[in-house]
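For this chain, numbers begin at 1 and follow the sequence in order.
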Amino acid sequence: MHIIQKTSDVPPTCVVCQQVIEKSNGLCGLCGQPVDLALKGPDPASASVDHIDPISLGGSDTLDNVQLAHFWCNSSKCNRVALISHPVF
C-alpha cells in the first residue's frame, strides 16, 4: 500500500499524517523526544515524515516504512539508514 502520492505538489493526506503520528506516539523516531505538532516548517523542531529505509536506497513508500521525526533530525539523517532508531512501544 503506497501512502504518499508521487504527483508533484500533492501533499500526503491528513489521514496518513495522523496515522504516522499515532504510530509514533507523537515521538521523533530518530531522537525519541516529543514532536511539537503546533510548530510549522521550516522550524527545525517541526514535524516531518521520515522514511526509515530511504526511497533512494530502495525503501518503500508505505506506512511500515515511515515515522514521525523532527525536521532537523530528518534533515540530518539525509538518505542514510539510521543506526539507532527509537522503537515505539
List the atom pairs, with distances to 0.1 Å, where a side-chain N or O of residues 28-46 and a protein N or O form a donor-acceptor pair under 3.5 Å, not counting sequence neighbours.
unit_1	atom_1	unit_2	atom_2	d
Asp36	OD1	Ala38	N	2.9
Asp43	OD1	Ala45	N	2.8
Ser46	OG	Asp43	O	2.7

Drop me the distance from His70's NE2 to Leu27's CG, to the nearest 0.5 angstrom.
8.5 Å
Find the distance between CD (Gln67) and OG (Ser48) and round it off to the nearest 0.5 Å.
9.0 Å
Shortest non-hydrogen pair, Asn74 vs Val49, comes out as ND2-O, 3.2 Å
Compare every heavy atom of Lys77 with every heavy atom of His51, then report the nearest pair and how far apart it is.
O-NZ, 2.7 Å
Closest approach of Leu63 and Lys23, non-hydrogen atoms and distance?
O-NZ, 2.5 Å
Can you tell me how far the CD1 atom of Ile52 sits from the CG atom of Asp50, to the nearest 0.5 Å?
6.5 Å
Starting at CG of Asn65, measure out to CD1 of Ile55 and round the result to the nearest 0.5 Å.
6.5 Å
